Amino acid sequence: STTFSELKGLKFAASGNRWAFFGRNHSGWNIIANDTIISFNASLVDEIQFSNTNDAISYSYIDAGQEKIVLDDRIIPTYSRHGKYFVSQKGKRFAYVSKRGNSYIMNINGKESQIFDEILPIGFKYNDEFLFAARNGNLWAIFQNETPITETYKNVSEAVINADGTSVG
């Protein structure tokens, strides 16, 4: 049994089968899940995510001023992440919005999109393709990865995808 001086971020998988939280003890931060404890060096801890189809766990933390996402046994450095990050249905891919000055880019599994004035991330589809809405000037479009898949619109105020990644609205 381990004693923790601080607990943060309890998160349950959508299936209800797994849970995880951050715990700090005398040696540093840990992620505690129902089947494991993983120790890591961090000055701050941030988010815990689970994939939708297989409950794969992912988490983010800051170490020496650099934010990192742990996903599928990979440690991924992020750059100027803005908002939450997304994990694909099978827990193999990630996406997040990154701020560049007054503009934004979409980082999908390490590949950066073109620069936009505004981005509204939607989420991963069932086939692990990422959807987002983006605005340049006064016009919006919906993108699948880096490819526009719609005509332009004057406004996109919100967009969501269901947990299975099969329906967007």
Side-chain angles (χ1 to χ4, degrees), residues 6-14 18-24 27-33 36-136 140-148 156 158-161 163 165:
E6 186 176 355
L7 304 174
K8 288 182 78 173
L10 176 62
K11 177 91 176 208
F12 290 89
R18 293 197 67 198
W19 51 265
F21 63 90
F22 295 112
R24 185 198 303 244
S27 62
W29 283 103
N30 304 269
I31 188 151
I32 299 92
T36 190
I37 296 177
I38 300 168
S39 298
F40 56 94
N41 292 323
S43 52
L44 296 169
V45 292
D46 189 32
E47 284 185 72
I48 298 171
Q49 303 264 353
F50 287 97
S51 65
N52 286 330
T53 59
N54 62 0
D55 292 346
I57 191 169
S58 172
Y59 56 96
S60 63
Y61 64 91
I62 297 172
D63 180 34
Q66 171 69 62
E67 182 186 25
K68 297 173 182 170
I69 295 173
V70 177
L71 174 67
D72 193 32
D73 295 326
R74 294 179 295 159
I75 298 175
I76 303 151
T78 67
Y79 303 98
S80 302
R81 180 167 67 96
H82 184 74
K84 74 176 216 160
Y85 73 94
F86 296 80
V87 175
S88 67
Q89 299 293 323
K90 297 176 184 113
K92 303 287 184 191
R93 300 184 68 200
F94 66 92
Y96 65 90
V97 175
S98 186
K99 191 162 174 71
R100 297 288 194 269
N102 291 327
S103 301
Y104 300 89
I105 58 104
M106 193 77 230
N107 185 312
I108 304 169
N109 215 43
K111 184 175 181 183
E112 294 185 347
S113 71
Q114 69 186 65
I115 293 174
F116 296 101
D117 294 328
E118 191 172 352
I119 294 177
L120 178 63
I122 300 170
F124 279 97
K125 291 175 55 179
Y126 64 92
N127 62 358
D128 284 348
E129 300 290 321
F130 191 78
L131 296 175
F132 65 98
R135 177 181 63 83
N136 268 331
W140 287 83
I142 307 295
F143 290 77
Q144 179 171 293
N145 291 334
E146 68 277 353
T147 306
V156 174
E158 73 178 297
V160 294
I161 191 165

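For clarity, every value in this text was computed on a predicted model and none was experimentally measured. Just so you know, residue 1 is the first one in the sequence shown, and it goes up from there.
Residues passing the side chain to side chain donor-acceptor pair (under 3.5 Å) test with Asp46, sequence neighbours excluded: Ser60, Arg81. Applying the side chain to side chain contact (heavy atoms under 4.5 Å, CB included) criterion to Ala133, with sequence neighbours excluded, gives Leu120, Trp140, Ile142, Val156. With sequence neighbours left out, Phe86 forms a ring-ring contact (aromatic ring centres under 6.0 Å, His included) with Phe130. In this view, Ala13 and Ser15, Arg18, Phe50, Asp55 satisfy the side chain to side chain contact (heavy atoms under 4.5 Å, CB included) rule, not counting sequence neighbours. Annotation: salt bridge (Lys or Arg N to Asp or Glu O under 4.0 Å) contacts of Lys111 (sequence neighbours excluded): Glu146. Evaluation of the side chain to side chain contact (heavy atoms under 4.5 Å, CB included) rule for Asn52 yields Ala14, Gln89, Ala163 as partners, not counting sequence neighbours. Residues that satisfy the ring-ring contact (aromatic ring centres under 6.0 Å, His included) test with Phe22, not counting sequence neighbours, are absent from this structure. Residues passing the salt bridge (Lys or Arg N to Asp or Glu O under 4.0 Å) test with Lys68 are Asp63, sequence neighbours excluded. Residues meeting the side chain to side chain donor-acceptor pair (under 3.5 Å) test with Ser58, sequence neighbours left out: Tyr85. For the side chain to side chain contact (heavy atoms under 4.5 Å, CB included) test, residues two or more places apart in sequence or in another chain that qualify with Arg24 are Ser5, Glu6, Trp29.
Judged by distance alone, with hydrogens and angles left aside, the side-chain atoms of Gln49 form no donor-acceptor pair with the main-chain N or O of Tyr59 at under 3.5 Å.
Between Val97 and Phe132 there is no side-chain heavy-atom pair separated by less than 4.5 Å.
Sorted by first and then second residue, the salt bridge (charged side-chain N to carboxylate O under 4.0 Å, His left out) pairs involving residues 86-108 (not counting sequence neighbours) are Asp72-Lys92, Arg100-Glu112.
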Donor-acceptor pairs are to be reported for all side-chain atoms of residues 36-45 against protein atoms at under 3.5 Å, with residues two or more places apart or in another chain.
| from | atom 1 | to | atom 2 | distance (Å) |
| --- | --- | --- | --- | --- |
| Ser39 | OG | Asn30 | OD1 | 2.5 |
| Ser43 | OG | Ile62 | O | 3.1 |

